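This structure is a prediction, so every number in the text was calculated from the model and none was measured. When a residue number appears, it is its place in the shown sequence, counting from 1. The figures that follow rest on heavy atoms only: side chains count, while hydrogens, waters and symmetry mates do not.
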Amino acid sequence: MTAPVEPEPTDATLLDLRASVADMRSTVRWIAGAAAAVGGVVLAGGPLTIVNKLDDAGDVVAAVGGLLLALAGVAWTVWRTSDVLMPRVASIEDLRSPDLAGLRALIDRDPAAFYGPFPSDPAAFRQEHRLRATISANIASQLARESDAERRRVLEQTAVTARANRLLAQRTQQRLLAWIHAWQVRQSLRRARRDTFIASLVVLAGGALFFTAPLDEKESTPSMRVCLVVPTSSGKAASGRALSGEDSCAR
């Protein structure tokens, strides 16, 4: 009969890191939704209210350019925020990434808090983790083949220690990977917030250009004066009108 598998102890730090990742992704969903809503409010009904006021080619070009600029800002926001929601596969080697410089500085202040009794170098820790797993598997294999009672008792005690060491290395690796994953999401969220702010300015600029397109000053049409020469029965009548200041030309 197979022995029941003992549940691993709950790691509060691991649970907290996973909750932090979930919170950051909820935040970025809110940012993406807000950006899409702002873009919808800026552009909703705009073409219907502005299109009848566009009376020359310059207005059309400005309106179309503003509309495309606003749409580009909304698309950029959605694309950058969706990058935070992409699935990520973290590895110990990711600690060498420039984006994780802040995490490396945090680890360097207290390596034991992150690595425990294991080496604080990623390559050395990975090798130590493999070694602990190999030792535990070899002892379990020897125990399954051993028939001598005394040797089995010694191997059983050794197997318990080896299993504890393997689980410790495994939990340490899981915690490190959780830190790496959370830090990667954090960096993506920071970039998304920066780019969202810039994209919001682009959307506002595009909306302003779109709605003000028909408000540019137009050249006034010059008025024409049409002078009608009306024959008169006598020159005195024409002279009288000229002396009285009456204009013989009509607009």
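With sequence neighbours left out, the salt bridge (Lys or Arg N to Asp or Glu O under 4.0 Å) criterion links Arg104 to no other residue. Not counting sequence neighbours, Ala140 has no partner by the side-chain contact (heavy atoms from CB on, under 4.5 Å) test. With sequence neighbours left out, the salt bridge (Lys or Arg N to Asp or Glu O under 4.0 Å) criterion links Asp16 to no other residue. For Pro119, the side-chain contact (heavy atoms from CB on, under 4.5 Å) partners at least two apart in sequence or on another chain are Ala124, Glu128. Considering only residues two or more places apart in sequence or on other chains, Ser147 meets the side-chain hydrogen bond (donor to acceptor under 3.5 Å, both in side chains) condition with none of them. Phe125 meets the ring-ring contact (aromatic ring centres under 6.0 Å, His included) test with Tyr115, Phe118; sequence neighbours excluded. Judged as a side-chain hydrogen bond (donor to acceptor under 3.5 Å, both in side chains), and not counting sequence neighbours, the contacts of Gln184 are Asp94. Residues passing the salt bridge (Lys or Arg N to Asp or Glu O under 4.0 Å) test with Glu93, sequence neighbours excluded: Arg96, Arg126. Residues passing the salt bridge (Lys or Arg N to Asp or Glu O under 4.0 Å) test with Arg130: none are found, sequence neighbours excluded.
Between Leu14 and Ala178, the shortest heavy-atom distance links the atoms CD1-CB, 3.3 Å. Minimum interatomic distance between Pro122 and Ile92 (heavy atoms only, all atoms of both residues): CB-CG2, 3.4 Å. Summarising the geometry of Ala199 relative to Thr77, their closest heavy-atom pair is CB-OG1, 3.0 Å, with the distance given to 0.1 Å. Taking every heavy atom of both residues into account, Leu168 and Pro117 meet most closely at CD2-CG, 3.9 Å.
One hydrophobic cluster holds both Leu17 and Phe114 under the rule that ILVMFWY side chains link at heavy-atom gaps under 4.5 Å.
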Exercise for review: Could you check Leu131 against Ile135 for side-chain contact (heavy atoms from CB on, under 4.5 Å), going step by step and ending with a plain yes or no?
Suggested key: CA-CA 6 Å; Leu131 177 62; Ile135 291 174; 3.9 Å; yes

Exercise for review: Take Trp183 and Arg186, measure what side-chain contact (heavy atoms from CB on, under 4.5 Å) needs, and give me the verdict at the end.
Suggested key: CA-CA 5 Å; Trp183 208 272; Arg186 172 181 178 269; 3.5 Å; yes

Check your understanding: For Arg132 and His129, what are the C-alpha separation, side-chain angles and deciding distance, and is it a side-chain contact (heavy atoms from CB on, under 4.5 Å)?
Key -> CA-CA 5 Å; Arg132 299 297 177 93; His129 178 265; 6.0 Å; no

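The side-chain heavy atoms of Trp179 and Leu106, taken from C-beta on, include a pair separated by under 4.5 Å. Within the 4.5 Å cutoff, side-chain heavy atoms of Leu95 are placed close to those of Ile107. Using a 4.5 Å heavy-atom threshold, the side chains of Leu85 and Thr81 count as separate. The closest side-chain heavy-atom distance from Thr13 to Arg18 is not below 4.5 Å.
One finds no salt bridge joining Arg153 and Glu156 here, because no Lys/Arg side-chain nitrogen approaches an Asp/Glu carboxylate oxygen to under 4.0 Å.
Rounded to the nearest 0.5 Å, atoms CG (Leu177) and OG1 (Thr172) are 10.5 Å apart. Between atom CG of residue Asp99 and atom CD1 of residue Ile180 there is a gap of 12.5 Å, rounded to the nearest 0.5 Å. Put simply, CZ on Arg166 and CD1 on Ile139 are 11.0 Å apart, with the number rounded to the nearest 0.5 Å. In this structure, the separation between CG on Leu167 and OG on Ser136 is 7.5 Å, given to the nearest 0.5 Å. How far CG of Leu176 is from NE2 of His181: 14.5 Å, rounded to the nearest 0.5 Å. Rounding to the nearest 0.5 Å places CZ of Arg163 at 11.5 Å from CG of Asn165.
Within the structure, no pair that satisfies the ring-ring contact (aromatic ring centres under 6.0 Å, His included) test touches residues 144-177, not counting sequence neighbours. Sorted by first and then second residue, the salt bridge (Lys or Arg N to Asp or Glu O under 4.0 Å) pairs with a member in residues 62-86 read Arg80-Asp195, Asp83-Arg88; sequence neighbours excluded.
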Please table the atom pairs, donor to acceptor, closer than 3.5 Å between any side-chain atom in residues 25-34 and protein atoms at least two apart or in another chain.
unit_1 : atom_1 : unit_2 : atom_2 : d
Arg25  : NE     : Val84  : O      : 3.3
Arg25  : NH2    : Met86  : O      : 3.2
Ser26  : OG     : Ala22  : O      : 3.0
Thr27  : OG1    : Asp23  : O      : 3.0

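Arg145 and Ser141 form a side-chain donor-acceptor contact under 3.5 Å, judged by distance and modelled atom types alone.
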